[in-house]
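Presented below is the structure to which this report refers.
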Amino acid sequence: MAVNVAIAGVTGYAGGEVARVLAQHPHLTVTTVAAHTSRGPLSQHQPHLWPLRNLDIKPLEVETLAGHDVVVLGLPHGASAAITAALEQCCPDTLIVDLGADHRLLDSGAWERYYGSPAAEPWTYGMPELIRSGTSQRELLAATARIAAPGCNASAVTFAAQPALAAGVASGEDVVAVLSVGYSGAGKSAKTHLLAAEAIENAAPYSVGGTHRHIPEIAQNLTIAGAEHVSLSFTPVLVPMSRGILATVSIPVRPGTTPSEVVDAYRSAYDGQPFVAWSEGWPRTRNVLASNMALVRAELDADGRRITAVCALDNLVKGTAGAATQSINLALGLAEETGLTQVGVAP
């Protein structure tokens with residue numbers, strides 16, 4: 001199978017990471033790259049993408065993206081919907097993957113509250129491991145041509161919490177998540193608080209107090225996984241690393257829950273999953289660096305009242321480009337693992 005791919009927003013972190021992953025894919029070939037303002041060969045903007053270095057960056061227009069088998073949009077939140085609407089008119093059979101948030105939320109009111117603009121149509125959510133009753137998420141992805149890739153923070157919290165909800169040992173109430181997030185998670189914009197002098201030797205919380213835009217996405221995922229009602233305290237903290245997320249999630253359990261029930265719930269949820277796995281030790285971001293793995297471990301606290309669950313993943317791979325590639329593979333009828341690795345980088 002030979003599949004040609006266009007990537008819009010290729011000079012950003014997300015678009016660039018999709019290009020890096022797909023450059024090693026045996027069946028998908030990146031033939032077109034586009035951006036709003038950047039021009040010239042891709043090597044001037046993403047010099048690490050050696051196999052794609054001679055691709056010229058084209059204007060981000062529908063005409064540029066039309067005619068491809070797959071289009072991946074790595075655009076700021078709120079910027080994809082207008083382009084996807086035009087692409088659907090001209091290219092109804094093209095597989096379109098949005099790395100932004102525009103098509104993730106089922107609740108239009110939640111989008112408008114958190115993003116402040118009219119909501120777009122929800123697409124098939126690009127998380128194959130999302131636990132749901134009835135039709136599996138993989139089956140939904142295999143039958144779609146429109147994919148909304150998940151948010152990286154939302155992925156980490158979902159992987160850490162959903163087994164407890166699906167097993168019925170937790171209701172979804174009073175979940176507390178604190179995330180250590182690498183600076184690439186804040187995007188590539190030149191902002192003062194993202195300068196090296198501000199980041200080094202510094203841990204900085206952001207979007208505190210229920211304001212982070214991934215909150216409704218997390219609540220949506222946990223509800224699908226079996227939560228009766230979700231109440232969530234979510235605090236991301238930028239820490240001085242370039243990539244990675246370590247999510248520590250505290251989940252109240254039902255009275256009488258035993259330690260073995262917790263372990264069994266998590267082990268069974270991820271048994272056989274190629275890219276989400278139970279960790280024998282507490283997960284660390286270094287162990288998943290540049291891989292498509294998410295490592296999860298959970299234990300019942302000593303007082304028996306809450307689970308502490310920890311998930312480590314690379315925000316740009318499993319949190320973005322890897323999840324998108326898994327979903328593309330499923331939608332094209334390829335093996336889900338194609339072009340992806342479980343192998344991290346060390347030291």
Side-chain angles (χ1 to χ4, degrees), residues 9 12-15 73-85 96-127 130 132 137 146-162 165 172-189 191 193-194 204-225 227-238 245 247-249 251 311 313 315-316 319-320 323-324 327:
Y13 286 138
L73 302 175
L75 307 178
H77 301 315
S80 299
I83 293 174
T84 57
I96 307 173
V97 182
D98 185 14
L99 304 183
D102 293 39
H103 298 282
R104 291 176 190 161
L105 298 184
L106 301 174
D107 182 350
S108 60
W111 169 272
E112 291 163 6
R113 287 194 302 275
Y114 279 85
Y115 292 89
S117 61
E121 177 188 8
W123 287 356
T124 307
Y125 191 63
M127 181 184 286
L130 181 63
R132 64 184 307 133
Q137 199 65 25
R146 303 289 181 264
I147 297 168
C152 54
N153 294 315
S155 294
V157 177
T158 300
F159 295 147
Q162 66 173 355
L165 301 166
E173 293 275 3
D174 195 25
V175 175
V176 179
V178 179
L179 280 64
S180 299
V181 182
Y183 269 75
S184 59
K188 204 173 183 180
S189 300
K191 298 177 181 177
H193 76 283
L194 302 181
Y206 65 101
S207 297
V208 177
T211 61
H212 196 284
R213 290 173 168 180
H214 283 181
I215 288 173
E217 182 182 347
I218 296 168
Q220 177 175 289
N221 291 352
L222 299 188
T223 300
I224 290 171
E228 297 167 9
H229 175 74
V230 177
S231 58
L232 173 67
S233 171
F234 174 82
T235 305
V237 181
L238 288 172
I245 294 175
T248 302
V249 184
I251 309 161
C311 174
L313 55 77
N315 58 298
L316 294 178
T320 306
S327 300

Exercise. Determine, step by step, whether N221 and Q162 satisfy the side chain to side chain contact (heavy atoms under 4.5 Å, CB included) criterion, reporting the C-alpha distance in whole Å, the side-chain angles of both residues, the deciding distance to 0.1 Å, and the verdict.
Key: CA-CA 8 Å; N221 291 352; Q162 66 173 355; over 6 Å; no
Quiz item: Could you go step by step and tell me if V237 and L179 meet the side chain to side chain contact (heavy atoms under 4.5 Å, CB included) rule?
Solution: CA-CA 6 Å; V237 181; L179 280 64; over 6 Å; no
Self-check item: L73/V97 under side chain to side chain contact (heavy atoms under 4.5 Å, CB included): CA gap, chis, key distance, verdict
Solution: CA-CA 6 Å; L73 302 175; V97 182; over 6 Å; no
Practice problem: Would you check, one step at a time, whether the test side chain to side chain contact (heavy atoms under 4.5 Å, CB included) holds for F234 with V178? | Solution: CA-CA 6 Å; F234 174 82; V178 179; over 6 Å; no
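A side chain to side chain donor-acceptor pair (under 3.5 Å) with Y125 is found for one member of E217, R104, H103 and no other, namely E217.
Between the side chains of T84 and D98, not a single donor N or O lies within less than 3.5 Å of an accepting N or O.
Between the CE atom of M127 and the OG atom of S155 there is a distance of 3.5 Å, given to the nearest 0.5 Å. We find the OH-OG distance between Y114 and S207 to be 10.5 Å, quoted to the nearest 0.5 Å. Taking CG of L313 as the reference point, atom CD1 of I245 lies at 5.0 Å (rounded to 0.5 Å). Rounding to the nearest 0.5 Å gives a distance of 11.0 Å between OG of S117 and NE2 of H77. Between atom CZ of residue R213 and atom CG of residue L105 there is a gap of 11.0 Å, rounded to the nearest 0.5 Å. The CG atom of D174 sits 5.5 Å away from the OG atom of S231 when rounded to the nearest 0.5 Å.
Listed here is the closest heavy atom pair of Y13 and S184: CD1-O, 3.7 Å. What you find for A101 and W111 is that their closest heavy atoms are O-CZ3, 3.2 Å. Nearest heavy atom pair, residue I215 against residue T211, reads CD1-N, 4.0 Å. What you find for G126 and P150 is that their closest heavy atoms are O-CD, 3.2 Å. Taking both residues in full, the closest heavy atoms of L222 and A161 are given as CD2-CB, 4.0 Å, listed atom of the first, atom of the second, then distance. Across L99 and A324, no two heavy atoms sit closer than the pair CD2-CB, 3.8 Å.
Between W123 and I147, every side-chain heavy-atom pair lies at or beyond the 4.5 Å cut-off. With a 4.5 Å cut-off on side-chain heavy atoms, T124 and Q137 count as touching.
Using a distance-only test at 3.5 Å, with no hydrogens or angles considered, no donor-acceptor pair links the side chain of R132 to the main chain of I224. Within the 3.5 Å criterion, the main-chain N or O of S80 finds a donor-acceptor partner in the side chain of D102.
Ring geometry, H212 versus H214: the interplanar angle exceeds 60°, so the pair is classed perpendicular (tilted spans 30 to 60°).
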